Amino acid sequence: MSGSSSIKVGTIVDLLANRFGVIRWWAWDTDEVMIGAILTQQTRWENVETAISRLKADRLATMAAIHAANVADLEEAVRCTGFFRIKARRLKALAALVMDTYGGVEQMAAIPTGKLRASLLTVNGIGEETADSILCYGFSRTCFVVDAYTDRILHCAGVREKPSAIKDLFETVLPVDLILYRQTHAHIVEYSKRCCQKKRCDECQIASLNG
DNA sequence: GACCAGGTCCTTG
DNA sequence: CAAGGACATGGT
């Protein structure tokens, strides 16, 4: 991890903060964050919100309810997010961990971050990004979330690293501050959607960091 | 109609 | 390990 990468990351964080200021994001309870984290995999956010509304209407928007629900009912509620069969199964798998292993979301809040992360990663369908989203937005842990947009924006800046290295970069550069972690991730998504239409863009403001 | 969306898993070489 | 395919609906 080079020093210039750290400087670029710091510059990007400041630049985005000045550009967007405060963004409200994922002001949901822990159960809904878990559900949303799985449903948003490779899927537009608007479709996820539709599915969450549907789950709420069906009284299926909690881990306890999902644990008890029929897979077919779950599938129907999350159909609009695509990959609906696999996502219904993933929701069931997460709910099984939450309810059977811990006895509920509240009990999980007492688990240290590293152990909780490892535990989430044992669930089929939960990878690094999904786990970190749940930790950051659901359990208020300072885990920096690296998604496709984060990779894209760093690529614009000329930083090419694996997701795990990008996560380390941000967690090294940023002060340990939950709100800052959340804001920065939200800023990156916002910037990428508005300014980097193409997956690989070399003409945006971030790209100018390459000199 | 083509292409893509806030990933992850499984299978091959 | 890296690469390729599968999973599937909805919006542009």
Side-chain angles (χ1 to χ4, degrees), chain A residues 9 12-13 16 20 23-28 30 32-55 58 60 71-97 117-139 141 143-157 160-167 169-171 178 180-201 204 206:
Chain A
V9 166
I12 290 169
V13 170
L16 295 177
F20 295 118
I23 301 179
R24 260 183 235 308
W25 234 52
W26 276 35
W28 289 349
T30 307
E32 289 172 22
V33 168
M34 288 179 154
I35 294 165
I38 287 173
L39 295 185
T40 197
Q41 292 171 354
Q42 194 68 24
T43 302
R44 291 178 187 282
W45 190 249
E46 305 77 57
N47 296 340
V48 174
E49 292 185 313
T50 303
I52 298 266
S53 299
R54 180 74 190 275
L55 286 166
D58 293 349
L60 290 176
V71 182
D73 292 338
L74 266 183
E75 288 180 350
E76 202 47 46
V78 306
R79 176 180 287 271
C80 65
T81 66
F83 303 143
F84 63 93
R85 278 182 267 267
I86 224 172
K87 284 177 178 172
R89 274 209 307 275
R90 288 174 179 180
L91 288 173
K92 290 290 276 184
L94 176 57
L97 175 80
R117 187 172 196 270
S119 182
L120 289 168
L121 288 174
T122 66
V123 176
N124 186 295
I126 294 189
E128 311 248 334
E129 180 186 336
T130 306
D132 287 335
S133 291
I134 291 171
L135 290 167
C136 183
Y137 292 97
F139 288 101
R141 310 302 170 90
C143 276
F144 193 81
V145 180
V146 175
D147 54 23
Y149 290 138
T150 319
D151 179 64
R152 191 186 301 185
I153 203 170
L154 284 201
H155 194 280
C156 288
R160 292 160 177 259
E161 302 282 358
K162 303 178 300 184
S164 62
I166 293 175
K167 175 179 159 73
L169 248 183
F170 275 93
E171 292 185 352
L178 177 66
L180 184 58
Y181 273 46
R182 291 178 177 173
Q183 278 296 300
T184 301
H185 176 226
H187 287 159
I188 288 171
V189 173
E190 208 53 38
Y191 181 87
S192 295
K193 281 186 185 170
R194 285 149 74 152
C195 306
C196 299
Q197 309 301 9
K198 295 182 296 186
K199 281 198 172 178
R200 295 296 180 224
C201 130
C204 64
I206 300 292

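Remember, predicted model here, so these are calculated numbers, not experimental data.
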**Message:** Any salt bridge linking A:Glu75 with A:Arg89? Criterion: basic side-chain nitrogen under 4.0 Å from a carboxylate oxygen.
**Reply:** no
**Request:** Using only side-chain N and O atoms of A:Thr130, determine if any of them is under 4.0 Å from OP1 or OP2 of B:dT8.
**Result:** yes
**Message:** Testing the 3.5 Å rule here: is there a donor-acceptor pair between the side chains of A:Thr150 and A:Asp147?
**Reply:** yes
**Approximate separation, where rounding is to 0.5 Å, of A:Thr43 OG1 and A:Ile38 CD1** = 12.0 Å
**Request:** Measure the distance from CZ on A:Arg90 to C1' on C:dA8 and round it to the nearest whole Å.
**Result:** 12 Å
**Request:** Using the P atoms only, state how far B:dG1 lies from C:dA8, rounded to an integer number of Å.
**Result:** 22 Å
**Prompt:** What nucleotide, of B:dC10, C:dA8, B:dG7, holds the atom closest to the side chain of A:Asn124?
**Reply:** B:dC10
**Message:** Nearest whole Å is fine: how far is B:dG7 C1' from A:Lys87 NZ?
**Reply:** 9 Å
**Request:** Would you indicate what A:Val78 reaches in the nucleic acid, counting non-hydrogen atoms under 4.0 angstrom: base, sugar-phosphate, or nothing?
**Result:** nothing
**Message:** Looking at A:Ile23, is its backbone amide N or carbonyl O close enough to the side chain of A:Gln183 to form a donor-acceptor pair, meaning the two atoms are under 3.5 Å apart?
**Reply:** yes
**Complete:** Rounded to whole Å, the NZ-C1' distance (A:Lys92 to B:dT8) equals 20 Å
**Message:** For A:Asn47, is there any backbone N or O sitting under 3.5 Å from a side-chain donor or acceptor partner on A:Thr81?
**Reply:** no
**Asked** Any donor-acceptor pair under 3.5 Å linking the side chain of A:Arg117 with the backbone of A:Ala131?
**Response** no
**Request:** Mind running side chain to side chain contact (heavy atoms under 4.5 Å, CB included) on A:Tyr137 and A:Glu32 for me, showing each step along the way?
**Result:** CA-CA 10 Å; A:Tyr137 292 97; A:Glu32 289 172 22; over 6 Å; no
**Request:** Give one of base, sugar-phosphate or nothing for A:Glu129, where a contact means two heavy atoms less than 4.0 Å apart.
**Result:** sugar-phosphate
**Prompt:** Which is true for A:Glu128 with a 4.0 Å heavy-atom rule: it touches a base, it touches only sugar-phosphate, or it touches nothing?
**Reply:** sugar-phosphate
**Message:** Please confirm whether the shortest side-chain N or O distance from A:Arg85 to OP1 or OP2 of C:dA8 is below 4.0 Å.
**Reply:** yes
**Message:** What's A:Ile38 touching, base or sugar-phosphate or nothing? Going by heavy atoms closer than 4.0 Å.
**Reply:** nothing
**Complete:** Taken to the nearest whole Å, NZ/A:Lys162 to C1'/C:dA2 is 13 Å
**Request:** Could you check A:Arg90, A:Lys87, A:Glu129 and say which one makes a side chain to side chain donor-acceptor pair (under 3.5 Å) with A:Gln41?
**Result:** A:Arg90
**Request:** Would you indicate, yes or no, if C:dA8 has its OP1 or OP2 atom less than 4.0 angstrom from a side-chain nitrogen or oxygen of A:Arg44?
**Result:** no
**Message:** Both A:Val189 and A:Gly125 contact DNA chain B. Which one's nearest nucleotide lies toward the 5' end?
**Reply:** A:Val189
**Asked** Dot-bracket, DNA chain B: Watson-Crick or G-U, under 3.5 angstrom, [ ] crossing, | other strand?
**Response** .||||.|||||||
**Integer-rounded Å distance: B:dG7 P and A:Phe83 CZ** = 10 Å
**Message:** Side chain of A:Gln42, heavy atoms from C-beta onward: which of C:dT9, C:dC7, B:dA5 has the nearest atom to it?
**Reply:** B:dA5
**Message:** Using whole Å, what does the distance between atom P of nucleotide B:dC9 and atom CD of A:Gln41 come to?
**Reply:** 8 Å
**Request:** Calculate the interatomic distance between A:Lys193 atom NZ and C:dG11 atom P; express it in whole Å.
**Result:** 14 Å
**Request:** For A:Glu49 and B:dA5, give me the distance from atom CD to atom P, rounded to whole Å.
**Result:** 18 Å
**Prompt:** Where each residue is assigned the nucleotide of DNA chain B containing its nearest heavy atom, which of A:Val123 and A:Val145 is assigned the position nearer the 5′ end?
**Reply:** A:Val145
